[in-house]
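Report on one structure; see the data block that follows.
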Amino acid sequence: MMFFSLRRWIAALFLLLTFTGVGAQGTTAREYVIGPGDVVRINVFQSPDLTLETRVNESGSVTYPLLGQVQLGGLTIVQAEKRIAEGLRSGNFVKQPQVSILIVQVRGNQVSVLGQVNRPGRYPLEMANTKLTDLLAMAGGIAGTGADTIVVNGTRGNKPFRAEVSLPNIFVSGKTSDDIVLQNGDVVYVDRMPTVYIYGEVQRPGALRLERNLTVMQALATGGGLTQRGTERGLRVHRRGPDGKVQVIQPTMEDLLRDGDVVYVRESLF
């Protein structure tokens, strides 16, 4: 089916992203924004006494030799290097300081991935402009039971932020603008796939993934069709309403199914 080939294609792309990403200290990684909790190693060329490995405190600063408290939180690696170099130069401590900063441990900028992914957990944003698909690649991609729509919760501009992103829109429709740039504290959630159930006089009863605009006829076809004893006249759909009560519907073959619907095919009496 087209759906399965699409999911294999997306999974392959996730693996490609995983193994072709920029190195931890590559050009893109140098745009990483330092956050509280990160462990940094600061080196000054030909000044080993100024080498320091320290953790950025909750206020975003570190205590550095000769300079005292230096605010690094909220700066990229390049900006932080320039700030320390300017402090050493303006204080006449080092004439032409060449400062390099290495992120030893990422703790300040993290995103949580929950739900139907292969490796749920907390992941560091090691690169600037880390996108949703980058993070899903780090989490091993969507699990076989996962939905195609991803929910992202966080804050933007000190206001609550929520977005629902359709993966097929990104990969098939080319809507790259939907590939959200993640920020510290975001939570990415992958729900279970929408499912309908078919049982009774069908060849292959069981659970089916609810494709978009799936009709009753298509669901029956996916289930292998009716058995010799099955009848379309005995077709019923059990659907739970907003009030929690189950409604029994006699559908047409072109009716669309909903998540959680149970399709039952009765045995013919003749």
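Residue numbers run from 1 in the order of the sequence given.
- Here the closest heavy-atom approach between residue Gly35 and residue Asn109 is recorded as N-ND2, 3.6 Å.
- A side-chain N or O of Asn57 and one of Ser61 form a donor-acceptor pair less than 3.5 Å apart.
- The list of ring-ring contact (aromatic ring centres under 6.0 Å, His included) pairs with a residue in residues 102-123, not counting sequence neighbours, is empty.
- Applying the salt bridge (Lys or Arg N to Asp or Glu O under 4.0 Å) rule to pairs touching residues 172-194 yields Arg156-Asp186, Lys175-Asp178, Arg192-Asp259, sequence neighbours excluded.
- Between Leu208 and Leu210, every side-chain heavy-atom pair lies at or beyond the 4.5 Å cut-off.
- Other residues, nucleotides and ligands place no more than 12 heavy atoms under 6.0 Å from the CZ atom of Arg258.
- Nearest heavy-atom pair across Val33 and Asp38 is O-OD2, 4.3 Å.
- Within the structure, no pair that satisfies the ring-ring contact (aromatic ring centres under 6.0 Å, His included) test touches residues 40-97, not counting sequence neighbours.
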Are Arg209 and Asp148 close enough, and set up right, to give a side chain to side chain contact (heavy atoms under 4.5 Å, CB included), and what steps lead you there? CA-CA 11 Å; Arg209 184 184 183 94; Asp148 291 332; 3.4 Å; yes
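- Judged by distance alone, the side chain of Thr215 and the main-chain N or O of Gln218 form a donor-acceptor pair under 3.5 Å.
- The two atoms that bring Val117 and Ala139 nearest to each other are CB-O, 4.2 Å, heavy atoms only.
- Rounding to the nearest 0.5 Å places CD of Gln183 at 8.0 Å from CZ of Phe161.
- Using modelled atom types, no side-chain atom of Glu86 and backbone atom of Arg83 make a donor-acceptor pair closer than 3.5 Å.
- Under the side-chain contact (heavy atoms from CB on, under 4.5 Å) criterion, Arg55 pairs with Val39, Gln105, Arg107, sequence neighbours left out.
- In terms of the ring pair (Phe, Tyr, Trp, His ring centres under 6.0 Å) criterion, residue partners of Tyr199 (sequence neighbours excluded) are, by chain and number, Tyr264.
- Qualifying side-chain hydrogen bond (donor to acceptor under 3.5 Å, both in side chains) partners for Thr227, counting only residues two or more places apart in sequence or in other chains: Glu201.
- One finds the CD1 atom of Ile170 at 8.5 Å from the OG1 atom of Thr176 (value rounded to the nearest 0.5 Å).
- For Ser112, the side-chain hydrogen bond (donor to acceptor under 3.5 Å, both in side chains) partners are Arg122, not counting sequence neighbours.
- With a 4.5 Å cut-off on side-chain heavy atoms, Val248 and Val237 do not count as touching.
- Considering only heavy atoms from C-beta on, Leu135 comes within 4.5 Å of Met138 through its side chain.
- Sorted by first and then second residue, the pairs that involve residues 240-253 and meet side chain to side chain donor-acceptor pair (under 3.5 Å), not counting sequence neighbours, are Thr252-Asp255.
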Less than 3.5 Å apart, which donor and acceptor atoms pair up between the side chains of residues 46-53 and the rest of the protein, not counting sequence neighbours?
residue: Thr51; atom: OG1; partner: Asn43; partner atom: OD1; Å: 3.3
residue: Thr51; atom: OG1; partner: Pro48; partner atom: O; Å: 3.3
residue: Glu53; atom: OE1; partner: Arg41; partner atom: NH1; Å: 3.1
residue: Glu53; atom: OE1; partner: Arg41; partner atom: NH2; Å: 2.7

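- Criterion: ILVMFWY side-chain heavy atoms under 4.5 Å apart, direct or through other members. Under it, Val190 and Val152 are part of a common hydrophobic cluster.
- More than 12 heavy atoms of other shown residues, nucleotides or ligands fall within 6.0 angstrom of atom CD in Gln69.
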Under the side chain to side chain contact (heavy atoms under 4.5 Å, CB included) criterion, do Leu256 and Asn213 qualify, and how do the steps go? CA-CA 6 Å; Leu256 299 180; Asn213 298 324; 4.1 Å; yes
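- Looking at heavy atoms from C-beta onward, Tyr189 lies out of side-chain contact with Ile150 at the 4.5 angstrom threshold.
- No single ILVMFWY cluster, assembled from side-chain heavy atoms under 4.5 Å apart, contains both Leu72 and Val78.
- No continuous path of ILVMFWY side-chain contacts below 4.5 Å connects Met193 to Ile198, so the two sit in separate hydrophobic clusters.
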List the steps, then state whether side chain to side chain contact (heavy atoms under 4.5 Å, CB included) holds for Leu226 with Glu232. CA-CA 8 Å; Leu226 306 183; Glu232 294 180 9; 3.8 Å; yes
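- Annotation: side-chain contact (heavy atoms from CB on, under 4.5 Å) contacts of Arg162 (sequence neighbours excluded): Val151, Asn153, Glu164.
- Of all heavy-atom pairs spanning Val265 and Thr231, the tightest one is CG1-O, 3.8 Å.
- Across all their heavy atoms, Asn118 and Ile142 have their closest contact at ND2-O, 3.8 Å.
- Looking only at distances, no side-chain donor or acceptor of Glu254 sits under 3.5 Å from a matching main-chain atom of Val216.
- Contact of the Arg204 side chain with the Val202 side chain is not registered, since no non-hydrogen atoms from C-beta on lie closer than 4.5 Å.
- In this structure, the side chains of Ile34 and Ile103 come closer than 4.5 Å at one or more pairs of heavy atoms.
- For Ser166 against Arg212, the heavy-atom pair with the smallest separation is OG-NH2, 4.2 Å.
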Report the C-alpha distance between Leu132 and Val188 in whole Å, list the side-chain angles of each, state the deciding distance to 0.1 Å, and finish with yes or no for side chain to side chain contact (heavy atoms under 4.5 Å, CB included). CA-CA 8 Å; Leu132 176 60; Val188 176; 3.8 Å; yes
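- Side-chain contact check for Val111 versus Asn184: every heavy-atom pair is 4.5 Å or farther apart.
- Ile249 CD1 to Leu235 CG: the interatomic distance, rounded to the nearest 0.5 Å, is 11.0 Å.
- The backbone N or O of Ile101 sits less than 3.5 Å from a side-chain atom of Glu81, completing a donor-acceptor pair.
- Considering CG of Leu167 and OG1 of Thr149, their distance stands at 8.0 Å, rounded to 0.5 Å.
- The hydrophobic clustering, which links ILVMFWY residues whose side-chain heavy atoms are closer than 4.5 Å, places Leu66 and Val44 together.
- Hydrophobic clustering places Leu67 together with Val56 (ILVMFWY residues linked when any side-chain heavy atoms are closer than 4.5 Å, directly or through intermediates).
- Shown here are the salt bridge (charged side-chain N to carboxylate O under 4.0 Å, His left out) partners of Arg239, two or more places apart in sequence or in another chain: Asp261.
- Residues in residues 98-122 take part in no ring-ring contact (aromatic ring centres under 6.0 Å, His included) pair, two or more places apart or across chains.
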